[in-house]
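Written below as structure tokens is the structure these notes are about.
Side chains included, hydrogens not; waters and symmetry mates left out as well; all remaining heavy atoms used.
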Amino acid sequence: MKLTDNEKREILKLIDADKPLPDKYRFLLFDDKREVELVWNGKTNEICNITLPFQVIEQVDEPRADKAKSEWVGTLFDSRGRQKEGWTNKLIWGDNKLILSSLKNGPLRGEIEQNGGLKLIYIDPPFDVGADFSMDIEIGEDTFTKKPNVLEELAYRDTWGKGADSFIAMIYERLVLMRDLLAENGSIYVHCDWRVNSYLRLVMDEVFGADRFKNEISWKRKTGSSSQIGFTTDRFGHDVDSLLFFVRGKDSLFNMQYGESDQEYIAKFYRHKDPNGRIFRIADLANPAPRPTLRYEYKGYKPPKNGWAISFEKMEQWDAEGRLYFPKSKDGRIQRKRYLDELKGKPISDFWDDIGQVSSQANERLADPNYIGVNVSLREEQKQKQLEAREKDFTDLILHAYRAESTENFKCFQGKKAGRLVAVGPINLPVTRLFVEEIILECRSKRVSREDVLAFEFEMGLFPNIQEEAKSKGIDLAMKYIPLDVFDKRAVEKNQVVFHDVSYIEVRPHVNKKTIAVELTDFSVYYSQDTVDNAAVSLGSGKNKIVVEQGKIIKVIKDKDGIVTKETLTKNWTDWVDYWSVDFNFESKREIVRVKNEETGAIEEVWTGDFVFENEWQSFRTKKDRSIELKTPFHDCEPGRYKIAVR
């Protein structure tokens with residue numbers, strides 16, 4: 001390291017003034033010099049290494065009927081039916097960073113590698129600048145777009161709200177974890193578009209190595225922006241997405257894919273027929289480069305100028321197999337037969353124009369409550385105090401919208417309303433079983449029997465077990481979702497914010513000797529999104545809008561004269577049901593997690609206290625068949641006491 005006296009004085013001056021050093025000193029002060037390096041604000045080499053246990057919440061059995069199977073052309077999943085153990089056919093719910101870290105560092109890693117390792121990863125990150133968590137729901141001939149919940153909005157804000165830096169930091173850490181999980185001959189495909197493909201290509205070059213890049217596949221979408229561009233536009237339409245294809249090691253596994261053959265090409269070139277009827281075309285056997293060792297005469301036919309493309313032994317083999325075409329004149333040249341029945345098709349290139357429509361119909365808006373942000377330039381202690389203050393403001397806002405009073409002297413509860421205590425769930429996480437168990441403990445210790453739990457989202461598999469557990473201990477536990485409207489000041493002031501209850505179902509058992517069937521009799525939904533009154537005010541003449549009020553999907557229409565009418569699209573509770581399933585003996589399989597014993601280092605199996613929902617029967621709607629069965633076939637069971645679970 002060689003610094004001039006002026007450079008040394010400048011460094012000391014900047015340090016004394018608590019100012020950052022210019023980038024040039026990063027290369028002068030440190031030995032790790034890279035000719036090309038991708039740098040972003042907050043870049044770090046620290047990668048998540050948390051290991052969390054995986055809980056099996058549900059096991060899915062066979063599809064509902066053979067007719068549904070026939071609609072499937074192919075599948076990415078293992079088709080051997082239900083497997084009691086192993087790592088294939090798993091859908092994992094949770095934060096993908098924590099999942100990847102747990103797969104990489106946890107006991108499941110060994111099972112994956114014993115089965116040959118992870119060969120292929122495909123990811124479709126939220127690369128759109130707009131929120132990408134909306135979901136289209138078909139209601140007859142109309143479509144209702146369900147908005148993202150608050151947690152999804154916050155997750156989007158953390159990813160995109162701080163600009164490209166936050167997105168790159170997010171995807172970089174996850175790509176490193178994926179790289180480490182991939183087998184040496186594994187591949188990864190990352191879906192992106194024009195907004196981020198240049199960033200992602202550079203990130204993947206750094207994570208995997210530029211020499212591991214294989215293709216940038218251009219995917220022509222069925223619906224692009226060309227048709228939306230007017231005559232005064234200053235750009236071409238965006239009709240193409242990209243798939244970045246990288247591999248882990250030098251010897252990667254790749255199977256060439258083929259499309260349909262060009263019929264004009266076949267008609268033009270496959271003009272010959274063998275005595276046995278096989279159709280073929282002839283192909284040149286000349287070597288493109290000079291090969292003196294392959295210049296030999298075969299059956300009186302002289303070699304091409306550069307020699308043959310194959311050895312003498314190979315020529316004899318193909319001759320014996322009938323794969324050579326001999327011209328009548330010895331002055332002609334031997335050629336190879338390429339048979340039509342061996343034609344695999346047209347090799348797939350890096351331009352795909354035959355993939356169906358993929359559209360998120362995302363709304364480009366963001367509800368930023370501005371209650372969680374923390375000034376990153378503060379000291380750690382100051383950050384914590386600011387975060388606590390923000391969280392309190394946030395909780396007060398929720399309680400105000402819920403029309404509850406603040407309360408103190410409780411560990412888990414922040415408010416009270418109409419004789420019930422109120423607990424507000426975490427700001428940026430789903431409410432978990434552990435969170436509710438702490439509520440139950442405090443209720444029992446302080447002899448409280450009625451409380452409401454408000455949350456943006458609840459952990460998968462939490463219901464109905466946790467409510468049954470609370471009920472068995474004399475506690476009335478009501479779970480309610482916090483709506484996005486809590487951040488709408490006008491809605492709060494007008495008392496229009498609706499905290500909707502968790503949906504529930506009603507079923508009826510039918511017992512016939514040693515068999516039982518289950519009938520779905522009701523599904524109560526309380527979800528709300530917008531209101532009829534708001535839609536009527538905001539709509540222009542001749543327009544319509546779909547809203548949801550207390551579990552009813554309503555189409556609000558304003559005609560050319562400004563007269564507003566409404567049509568309820570969900571005529572029956574069954575309109576809300578796309579899928580339901582039954583476990584006829586719910587408590588037959590314990591939910592086991594494998595955790596590391598901190599004292600011995602050994603992996604131990606521990607019962608969580610819950611049971612695995614084994615999906616033994618299900619009915620679901622498909623695009624071709626919109627019907628749904630509301631009663632199961634009769635299921636055989638031995639005499640005894642059973643708990644039947646319905647999801």
Query raised in the report: What distance do Phe54 atom CZ and Leu108 atom CG have between them, rounded to the nearest 0.5 Å?
Result: 6.0 Å
Report task. Enter the distance from Ile168:CD1 to Leu202:CG here, rounded to the nearest 0.5 Å. Result -> 8.5 Å
Query - Closest heavy-atom pair and its distance - Pro430, Trp93 - result: CG-CH2, 4.1 Å
**Report entry** Enclosure of Lys104 NZ (heavy-atom neighbours >12, cutoff 6.0 Å)
**Finding:** yes
**Report entry** Heavy-atom closest pair, residues Ala423 and Cys412
**Finding:** CB-O, 3.4 Å
Query - Distance-minimising heavy-atom pair for Ser218 and Val240 - result: CB-CG1, 3.6 Å
Query raised in the report: Arg179 side chain to Val207 main-chain N or O, any donor-acceptor pair under 3.5 Å?
Result: yes
Report task. State whether Asp5 and Arg9 are salt-bridged, where the test is any N-O pair (Lys NZ or Arg NE/NH1/NH2 against Asp/Glu carboxylate O) under 4.0 Å. Result -> no
Query - Positive for salt bridge (charged side-chain N to carboxylate O under 4.0 Å, His left out) with Arg594, one of Glu604, Glu111, Glu605 - result: Glu111
Requested in this report: Can you measure from CG (Asn6) to NZ (Lys13) and round to the nearest 0.5 angstrom?
Outcome: 11.0 Å
Query - Flag side-chain contact, heavy atom, 4.5 Å: Ser252 against Phe246 - result: no
Query raised in the report: Does CG belonging to Leu12 count more than 12 external heavy atoms closer than 6.0 Å?
Result: yes
Query raised in the report: Around Lys446, counting heavy atoms of other residues, nucleotides and ligands shown, do more than 12 lie under 6.0 Å from its NZ?
Result: yes
Query - Distance under 6.0 Å and angle within 45° of ring axis: Lys214 vs Phe254 - result: no
**Report entry** Distance in Å, Ile466 CD1 paired with Asp610 CG, rounded so as to fall on 0.5 Å steps
**Finding:** 7.5 Å
Report task. Could you check Leu177 against Asn96 for side chain to side chain contact (heavy atoms under 4.5 Å, CB included), going step by step and ending with a plain yes or no? Result -> CA-CA 10 Å; Leu177 289 167; Asn96 56 26; over 6 Å; no
**Report entry** Minimum side-chain heavy-atom gap Arg433-Thr608 below 4.5 Å
**Finding:** no
Query raised in the report: How are the rings of Phe456 and Phe394 set to each other: parallel, tilted or perpendicular (split at 30° and 60°)?
Result: perpendicular
Requested in this report: Apply side chain to side chain contact (heavy atoms under 4.5 Å, CB included) to Gln414 and Glu408, showing your working.
Outcome: CA-CA 7 Å; Gln414 296 83 26; Glu408 297 180 352; over 6 Å; no
Report task. Assign the ring pair Tyr402 / Phe499 to parallel, tilted or perpendicular, where the plane angle (0 to 90°) is split at 30° and 60°. Result -> perpendicular
Query raised in the report: Which one of Asn197, Leu243, Asp350 satisfies the side chain to side chain contact (heavy atoms under 4.5 Å, CB included) criterion with Glu216?
Result: Asn197
Requested in this report: For Asn215 and Ile217, indicate whether the former's side chain and the latter's backbone hold a donor-acceptor pair under 3.5 Å.
Outcome: no
**Report entry** Minimum-distance pair of heavy atoms, taken over all atoms of Ile439 and Glu451
**Finding:** CG2-CG, 4.3 Å
Report summary line: Heavy-atom closest pair (Cys48 atom, Ser101 atom, distance to 0.1 Å) is O-OG, 3.3 Å
Query raised in the report: Can you tell if the side chain of Val502 reaches within under 4.5 Å of the side chain of Tyr481, non-hydrogen atoms only?
Result: yes
Requested in this report: Show your reasoning for whether side chain to side chain contact (heavy atoms under 4.5 Å, CB included) applies to Met178 and Leu100.
Outcome: CA-CA 7 Å; Met178 291 179 210; Leu100 289 166; 3.9 Å; yes
Query raised in the report: So which heavy atom on Val431 is nearest to which on Pro426, and how close?
Result: CG2-CD, 3.8 Å
**Report entry** Sole residue of Trp219, Trp352, Tyr189 in ring pair (Phe, Tyr, Trp, His ring centres under 6.0 Å) with Phe245
**Finding:** Tyr189
Query raised in the report: With side chains defined as the heavy atoms from C-beta onward, is the minimum distance between Val422 and Ile398 less than 4.5 Å?
Result: no
Requested in this report: Inspect the contact between Asp95 and Lys97 and indicate whether a charged nitrogen and a carboxylate oxygen are less than 4.0 angstrom apart.
Outcome: no
Requested in this report: Drop me the distance from Leu181's CG to Ile99's CD1, to the nearest 0.5 angstrom.
Outcome: 11.5 Å
Query raised in the report: Quick one: are Leu182 and Phe208 in side-chain contact, heavy atoms under 4.5 Å?
Result: yes
Requested in this report: Report yes if the side chains of Arg201 and Phe213 come closer than 4.5 Å at any heavy-atom pair, otherwise no.
Outcome: yes
**Report entry** Any side-chain heavy-atom pair of Ile171 and Val196 under 4.5 Å
**Finding:** no
Query raised in the report: Do Val190 and Pro125 touch side chain to side chain, with heavy atoms closer than 4.5 Å?
Result: yes
Query raised in the report: How long is the gap from CG on Asp239 to CH2 on Trp194, to the nearest 0.5 Å?
Result: 12.5 Å
Query - Crowding at CG, Asp251 (>12 non-hydrogen neighbours, <6.0 Å) - result: no
